[in-house]
Amino acid sequence: MPDQAAALVTARLRDRAYPEDFDYLRDVLRLAEGTEDLWREYVDGVTRSVRCFPGVLDGLQGLRREGWTLGIATNGAVDIQRAKLDVTGLTGLFDGVTISEGVGARKPERALFDAAAAACGVPLSAGGWLVGDNPTTDIAGAQAAGLRAAWVAGGREWTDGPP
């Protein structure tokens, strides 16, 4: 792919990707493939590259054995997020999965946290924890919704205020 085209694709898909992004890329780059084919290739590529951190599956299974209610509240396209959960073996470990595209709200919006709690069969007012890697959407969003939060640093320094 020429550098200019690669830069355009990277810029368009940097924060998130949806099928309509591939409508745009197909038109601008004058690609012969259909939007659905481009989208499917992208989803398949993301799926091939995703892995769980070591210990995640065992840790979640341990929480399930201890009686924790587990849910996912994630931003993104339903196709991509579901494919990632399936390929990593995470799908069956959760009581509810809430994906922003499916509910029309994104973290840090309270509506996404409300929908996630409902998908798990509990009210958000019951409290709980959110474990996430984004200080703004995950940690601040969860705290604003009345949840406790734990940050997964992934080798990064905390820079957004008090931990």
Side-chain angles (χ1 to χ4, degrees), residues 9-10 13-22 36-163:
V9 170
T10 300
L13 305 179
R14 176 170 289 124
D15 295 327
R16 56 184 167 243
Y18 293 96
E20 55 269 17
D21 293 309
F22 291 88
E36 181 60 34
D37 292 334
L38 293 169
W39 175 248
R40 185 58 33 219
E41 184 178 342
Y42 180 78
V43 171
D44 290 347
V46 168
T47 302
R48 283 191 304 274
S49 68
V50 70
R51 305 282 181 276
C52 280
F53 288 115
V56 167
L57 291 172
D58 289 341
L60 291 170
Q61 290 165 346
L63 290 171
R64 298 286 301 167
R65 283 191 301 274
E66 294 293 322
W68 283 72
T69 299
L70 301 176
I72 292 180
T74 187
N75 288 340
V78 171
D79 290 353
I80 292 174
Q81 302 300 53
R82 286 280 179 196
K84 291 190 306 188
L85 292 171
D86 289 346
V87 77
T88 56
L90 291 170
T91 300
L93 296 174
F94 291 91
D95 298 288
V97 175
T98 305
I99 303 169
S100 63
E101 182 187 47
V103 297
R106 294 180 55 81
K107 292 182 291 180
E109 295 172 56
R110 168 125 187 176
L112 185 76
F113 296 102
D114 284 322
C120 291
V122 296
L124 187 59
S125 62
W129 284 88
L130 179 122
V131 178
D133 65 355
N134 185 297
T136 304
T137 60
D138 294 331
I139 306 308
Q143 290 173 337
L147 300 171
R148 292 172 281 179
W151 181 54
V152 177
R156 294 167 293 156
E157 296 282 326
W158 181 268
T159 59
D160 292 349

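Along the sequence shown, residues carry numbers from 1.
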Is D133 reaching over with its side chain to a backbone N or O of V152, donor-acceptor style, under 3.5 angstrom? no
Looking at every heavy atom in both A142 and L130, which two are closest together, and how far apart are they? CB-CB, 3.6 Å
Correct closest heavy-atom pair for L93 and R64 would be O-CD, 3.1 Å
For W129, I'd like to know if atom CH2 has over 12 heavy atoms of other residues, nucleotides or ligands within 6.0 Å. yes
So with a 6.0 Å cut-off around CD of E41, is the heavy-atom count from everything else above 12? no
Does a salt bridge link R16 with D21, judged by any charged N lying under 4.0 Å from a carboxylate O? no
Of all the heavy-atom pairs spanning V87 and V50, show the shortest one and how long it is. CG1-CG1, 3.4 Å
Between K107 (side chain) and A73 (backbone), is there a donor-acceptor pair under 3.5 Å? yes
If you measure from CD on Q81 to CD1 on I72, what distance do you get to the nearest 0.5 Å? 8.5 Å
A153 backbone acceptor or donor facing R156 side chain under 3.5 Å: yes
Apply the test side-chain contact (heavy atoms from CB on, under 4.5 Å) to residues T98 and V103: give CA-CA distance (whole Å), side-chain angles for both, the deciding distance (0.1 Å), then the verdict. CA-CA 7 Å; T98 305; V103 297; 3.8 Å; yes
State whether the side chain of S100 and the backbone N or O of G76 hold a donor-acceptor pair below 3.5 Å, judged by distance alone. yes
With heavy-atom distances below 4.5 Å as the criterion, would you say the side chains of L57 and T88 are in contact? no
Between atom CD of Q143 and atom CG of D138, what is the distance when rounded to the nearest 0.5 Å? 11.0 Å
State, with a plain yes or no, whether a side-chain heavy atom of F94 is found less than 4.5 Å away from one of L60. yes
Of all heavy-atom pairs linking T47 and A83, the shortest is OG1-CB, 3.2 Å
Taking all atoms of both residues into account, what is the closest heavy-atom pair of A17 and A77, and its distance? O-CB, 3.6 Å
Note: A111 and A105 closest approach over all heavy atoms is CB-CB, 3.8 Å
Side chain D95, main chain L70, donor-acceptor under 3.5 Å: yes
Using a 4.5 Å cut-off on heavy atoms from C-beta on, say whether the side chain of R82 contacts that of I99. yes
Any idea how W158 and W151 line up, ring-wise: parallel (<30°), tilted (30 to 60°), or perpendicular (>60°)? perpendicular
Under a 4.5 Å cut-off applied to non-hydrogen side-chain atoms, are L90 and V97 in contact? no
Counting only heavy atoms not in E66, do more than 12 fall under 6.0 Å of its CD? no
